[in-house]
Amino acid sequence: MADETKPHFRSEYHYRQQYYASFLHGPIDPHAAEVMSIMGSKTYKAIVVFPEAVPWEPLQRPQQLLKEFAGRGYLCFFCDPTGKPFQLREAEPNLFVVSGEAYLLPACRSQSVIVLCTWLMQMAWADLLPHKVLWYDVLDALEFFSLYDENMLEKHRQTSAQADLVTYSAKSLERYVKDRPDAHYLPNAARIEDFGKPQAFIPGDMAPFVAAGSPVIGYFGAVEEWFDSELVLELARRKPEWQFVIIGKPGIPGDKLDAPNIHLLGMKPYHQLVHYGRWFHAAIIPFRVNDTTNSVSPVKFFEYAALGLPVVSTPLLELKAYRTDILRLAEGADEFEAALASVLAPEFAGIAGREGARFAEDHQWSERTDQAERLLEERQGAWKAYANYDPASKAAVMTVTFLDYEGEKFFNGGAERYLTDLHRLMEQQGVPLTVYQYGHDAWLRRVRGIDVVSLSRGGQHAKQFTIPTVKTYNRLFQEQTAERSALTVYSAFFNAWPYETSGSGIGIIHGVSWDNPNCSYTDGSAFWETNRRFIEGARLCGTLVSVDTNSANWLQTVDYALSHTIKVIPNYVDTDEFSPRPDYDKPGGRIVILYPRRLYHARGLYLVLEVIDQILLKYPNVDFHFVGAGLDDDVRHVDVKIKRWPGRIKRYSLKLDDMPQAYRQADISLIPTLYSEGTSLSCLEAMASGNAVIATRVGGLTDLVIDGYNGLLIEPNVHALTQAICSLLDNPAKLAAFKQKATGVAEVFTKKRWTRQWAEIIASHVRSRADLPAASGRSRLIEIWLTRFPAGRSAGRAIVNYLSGGDLVYVRIKDGKASRPCSFGRLQWLDWEDPQHDEPDELIVEQGIEREFDRPVRTVSIEQGQWSMEAGG
């Protein structure tokens, strides 16, 4: 082939990667969904993938390693380059053979997958996985590959440098990984249980040679250009009484082995090799000796040994280290003939059987896999492979924020409170809830018993809230939960757009949230393009739950039929938890006006800040309390007012369970929403606590407040808010009447009613997914506090053991901010100062700092890199 038409590594790599990348956009393909379903139905330690390189048969090193890992509880995928349409079969428990590796990508991109790479073109697939654990296993001389060029060599250098684990199968290959001092020599081996003493079964095409009683010289493996056909042909001509049985796919012309006593039986399945090998008297490895074959560790040698066969081979460099009683190295036909004659002596069979079994016992794939697992435990970057989060049998909730995008600040607003209560209800129903949200890194936090997972994989950022961002995060949510979660909830419902395809998702409408200041339409097309996400998102959900009637009415104006599928379940209040203080309706000394909401523009923060000076100046007995979280810029504006009015304005945040005390000390609660409102939890809690409520006539607030009866409904402007506050401060009787009636109205919106209605919805959805296994319950939270980064196998073994048991592990490092990007799934690297949203189930601290903790701990002593765990008191 002319150089100008010969494929080059770089062009082939880019062609493949563009093809693979096309599977990471748009709806989840049904074939990818099938892979996700398998992941949801299996319990596994970690995922191992061998991308397309060699066929499944004949079984070689990658297949044997995957077989071993699958037997140890890993979920393994071997990608078979058949060129056929997508096929997926379970070759043995936990080991799947896949035709169509591209369909694995959507299921694997959001996971941490151990990728076993033996051919650099596999990296076109692997490089699309941002959180992979890369195992680069060098098996051949690089020059052996057809696409070898300078670009391939550069990719080798890059892969070797970036890999978490580098191994090589032959001593001569060490030259390729000399820049990795931690590269590990991992020779080939045999699976002795596959080559034990079989039944006395004679395959049909083997029977004539067995019946003849002549010596049978056997070979199984590839018959390619490195197979010395001239040597074998010469031996056959010299020894016509010897029968040469060649098993393997012929890659050379048949006439090169044309002799009456050479028998080409073709390929045989791996599990049948033992039935043929049992009838061999000796086995051969007749390879031409050159740079390529001197870089090879023949798997067949170890398998011959496991069969108890004497072996004669050409003097391959790697085999020289194994010269034993069962192995003869011979160069040329004369030496080869003499070596075969010696091992065919009757007395040698017993020796070969004993020594072969002993040798194979010392060279098993199980032992090689032990070494690989130890190496993975030593490599800190590999620990994340054991940290994948399992969504199976849990309720998956997609939202934009529960925590902030960094996973640090809990907003503690109405939407967060709603999901917290929904979590408690779902736990009682046996379906734990997990929140998936936008984020900047692959973090996971536990907040009040809820696992909160950042959807970001590979560094997606949500600061630019654009349509491409929305599509990206919805796609990531599908990748992480589709076909595995017991039920899917979108909070809010429009997060189902555009890739929800199950038709069974539950969409929560928290109110019309698209009535923002950007709403200004000049024609219907502009209206549609702006609002299609909300309309189409509603259509994608199987069930819609709205907290207010305003939302249902809005949807009725654009899709009459859709609006009638909505179930209105108003927001709620627990009147046992939120109740008035004694004598709440009697005049007191000071009056507290409460703003119990998130501190930002949509909730009317700046309306309140604009009227606050006038009110405080006019009414010396009035104080303002701001209870809620907000972004730094918004909080700063509140703090400016606090400095201006020391002692009369307070700002603080409370835990959800502590919110009742804020309402009990208040007299008036302000709910001055400008846009994006349903039936406000804050409004209901304020009414149940005996507060007079001033609310704007926005969204679902009109479902809660009857103007002039249990509160005031006002226009969303400064003048109306000022008038409303003054009217209550100037009329104590009116204020007291509103307080009394507010408690009565709140009784209609009981939490018991809300719980009953939601329980019916959850039960019907869980029944429809009866195929899923029962949820395993909440995993433990393990916190490990260290002064320095852990290293070495003992640390890795401890952490991997926790992860393999399903635990969520926080490793807190003093001054460990830089380590946070290393976090993935259930393994999170944190700083000592990072927020603590939940109490750990087990606390492990470095010896010497245990006095800083006021609860029982386990201590870990670290001496020369070795960890020693001790129980604490």
Side-chain angles (χ1 to χ4, degrees), residues 58 202-268 272-273 275-294 296 298-301 303-305 307-317 319-320 323 325-349 351-352 356:
I202 306 175
D205 52 356
M206 191 75 184
F209 322 124
V210 176
S214 302
V216 177
I217 313 300
Y219 170 89
F220 50 73
V223 185
E224 298 288 348
E225 66 272 12
W226 57 81
F227 184 95
D228 194 341
S229 55
E230 290 90 346
L231 172 61
V232 175
L233 191 59
E234 176 62 22
L235 291 169
R237 286 172 178 165
R238 290 185 180 192
K239 290 289 190 178
E241 71 276 18
W242 292 354
Q243 304 300 315
F244 291 84
V245 175
I246 310 298
I247 296 173
K249 182 179 179 181
I252 59 176
D255 59 3
K256 289 192 173 186
L257 290 168
D258 186 13
N261 58 334
I262 297 179
H263 312 285
L264 304 178
L265 302 189
M267 275 193 64
K268 304 296 177 185
Q272 292 182 12
L273 293 180
H275 299 301
Y276 286 87
R278 182 184 188 280
W279 303 106
F280 294 172
H281 296 92
I284 56 174
I285 305 176
F287 287 0
R288 303 180 191 279
V289 179
N290 53 39
D291 288 343
T292 298
T293 55
N294 269 332
V296 168
V299 174
K300 60 181 61 61
F301 166 63
E303 294 172 346
Y304 292 158
L307 281 163
L309 295 172
V311 182
V312 179
S313 172
T314 51
L316 303 176
L317 188 61
L319 290 184
K320 289 181 179 180
R323 196 191 301 264
D325 286 340
I326 64 168
L327 175 63
R328 299 284 191 273
L329 298 181
E331 190 168 7
D334 292 340
E335 287 188 14
F336 222 98
E337 180 186 356
L340 278 172
S342 70
V343 300
L344 287 173
E347 65 274 10
F348 198 81
I351 296 173

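Since this is a predicted model, take the numbers as computed values, not measurements.
- Looking at heavy atoms from C-beta onward, F336 lies out of side-chain contact with E234 at the 4.5 angstrom threshold.
- The shortest distance between side-chain heavy atoms of R288 and T314 does not fall below 4.5 Å.
- For the pair T292 and W226, the minimum side-chain heavy-atom distance is 4.5 Å or more.
- Partners of K320 by side-chain contact (heavy atoms from CB on, under 4.5 Å), not counting sequence neighbours, listed by chain and number: P315, L317, L329.
- Two residues are said to be in side-chain contact when any heavy atoms from C-beta on lie closer than 4.5 Å; Q272 and P203 fail this criterion.
- The closest side-chain heavy-atom distance from L273 to K268 is below 4.5 Å.
- Here the shortest heavy-atom pairing between I285 and P298 reads CD1-CB, 4.3 Å.
- At most 12 non-hydrogen atoms from other residues, nucleotides or ligands lie less than 6.0 angstrom from CG of D291.
- Inter-residue side-chain proximity for L340 and H281 is flagged as unmet; no heavy-atom pair is nearer than 4.5 Å.
- Counting heavy atoms from C-beta outward, Y276 and D205 have side chains that approach closer than 4.5 Å.
- Separating the CD1 atom in I246 from the CG atom in L265 is a distance of 8.5 Å, to the nearest 0.5 Å.
- Atom CD of E331 has 12 or fewer neighbouring heavy atoms from other residues, nucleotides or ligands inside a 6.0 Å radius.
- Residues satisfying the salt bridge (Lys or Arg N to Asp or Glu O under 4.0 Å) criterion with E224, sequence neighbours excluded, are absent altogether.
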* To do: Quick one: do Y219 and F244 satisfy ring pair (Phe, Tyr, Trp, His ring centres under 6.0 Å)? Show the steps, please.
  => CA-CA 8 Å; Y219 170 89; F244 291 84; over 10 Å; no
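- The closest side-chain heavy-atom distance from R278 to M206 is not below 4.5 Å.
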* Test side-chain contact (heavy atoms from CB on, under 4.5 Å) on F227 and V232 and set out the steps. => CA-CA 9 Å; F227 184 95; V232 175; 3.8 Å; yes
